[in-house]
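Below is one structure; the comments refer to it alone.
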Amino acid sequence: MRNFIARPEHGVVWISGASSGTGRALALKLAGEGYKVAVTARNHDKLVELQVEAAGLSGSIIVLDGDVTDAEDMEHIMASIEYEHGALAMAILCASVYQPVHGEDLNRADFEKTFAVNLSGVVNCLLPAIRHMKAKGQGQIAVVSSVTGYTGLPTSAAYGATKAALINMAESLKFDLDKIGIRIQLINPGFVDTPARKDTFPVQALVSPEAAAERIAAGLKSQAFEITFPKRFTYMLKFLRILPYGLYFALVNRVTGWRERPVDDSHRSATPHPAE
Ligand SMILES: NC(=O)c1ccc[n+]([C@@H]2O[C@H](COP(=O)([O-])OP(=O)(O)OC[C@H]3O[C@@H](n4cnc5c(N)ncnc54)[C@H](OP(=O)(O)O)[C@@H]3O)[C@@H](O)[C@H]2O)c1
């Protein structure tokens, strides 16, 4: 069965998390290909800057700012697309935060914020988008996860947990969405050089947001379920999943140099445990 591929004539593309990094580069790329792109993030000024930068391209940028953690906001954005700008042909759910987590000093707020944006934020966009697409009988959805969702990596206890959940969510939804004409895809980039990057450990195969946007734009037009790049690196991480755990932990410790790193006390809470 061939799946629906959204073309500019099918309607609007909605990108959440488009004020910076990969989401922004992808919005410009798709506007350059003639798509009408509705962009969402909290920073209104950055979205307007993006709209100005896109002036003159064959497509256009529609600024619809909002916070993905607010379900009502996302319902309003969906209604605004539908009633003011046209049918929703494609939703690319990219909004995310990355808060490095250190196992020796866990902080509840890091988990709660990451889960709210990266996981509930995706659900808040998926619900109105799928309802709308189901009524139209067609649509395309791309969930942006990460290779950190494949396996546990240092500092990724919160971020990686949300990305692993998104991989599972997209895989699970595919079974039903296929039956109602909605095509779901999973985007698993390797490391991209964006404001989200924090130098917690040396990364390999870093790509620019523009290169990421090129790869994603091509993948959105393919029949593939997963869009992942650069493949040599991401397939190596996929392979790590099937290694016995002893080997897996030894390899990741070696490549990241994590075991040799001293415990970093700088982020520790002010009140020590009475046993310390
Ligand atoms: N960079 C990497 O190495 C890498 C690797 C694999 C996967 N990814 C994934 O790629 C996607 C894009 O990441 P990026 O690296 O381009 O990060 P980024 O530059 O930090 O962009 C994150 C975007 O999410 C938006 N956002 C954050 N919280 C939001 C909220 N509550 N409501 C609405 N929007 C919100 C931000 O806009 P505002 O702050 O204006 O709201 C921003 O536009 C993410 O899903 C990320 O997990 C990144």
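Just follow the structure's listing: the first ligand is 1, and inside any ligand the first atom is 1. FYI, side chains are in, hydrogens and waters are out, and symmetry mates aren't considered; it's all heavy atoms of this structure.
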Should Ile15 and Phe4 be counted in the same cluster of Ile, Leu, Val, Met, Phe, Trp and Tyr side chains packed under 4.5 Å apart?
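No, Ile15 does not connect to Phe4 through the hydrophobic network.
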Tyr235 and Ile216: same hydrophobic cluster, using ILVMFWY side-chain contacts below 4.5 Å?
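Different clusters.
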Name the residues with a heavy atom less than 4.0 Å from ligand 1?
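Protein residues near ligand 1 are Gly17, Ala18, Ser19, Ser20, Gly21, Thr22, Ala41, Arg42, Asn43, Gly66, Asp67, Val68, Cys94, Ala95, Ser96, Val97, Val117, Val144, Ser145, Ser146, Tyr159, Lys163, Pro189, Gly190, Phe191, Val192, Thr194, Pro195, Ala196, Arg197.
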Where at least one partner belongs to residues 220-241, residue pairs that pass salt bridge (charged side-chain N to carboxylate O under 4.0 Å, His left out), sequence neighbours excluded
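Checked against salt bridge (charged side-chain N to carboxylate O under 4.0 Å, His left out) - neighbours excluded - the pairs reaching residues 220-241 are Glu33-Lys221, Glu226-Lys238.
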All pairs passing salt bridge (charged side-chain N to carboxylate O under 4.0 Å, His left out) where residues 67-92 contributes a residue, at least two apart:
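Listed once each, the pairs are Glu75-Arg131.
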Could you work out, with salt bridge (charged side-chain N to carboxylate O under 4.0 Å, His left out) as the rule, every residue matching Arg254, not counting sequence neighbours?
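Applying salt bridge (charged side-chain N to carboxylate O under 4.0 Å, His left out) to Arg254 gives none.
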For Thr148 versus Leu153, what's the shortest heavy-atom pair and its separation?
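The answer is CG2-CD1, 3.8 Å.
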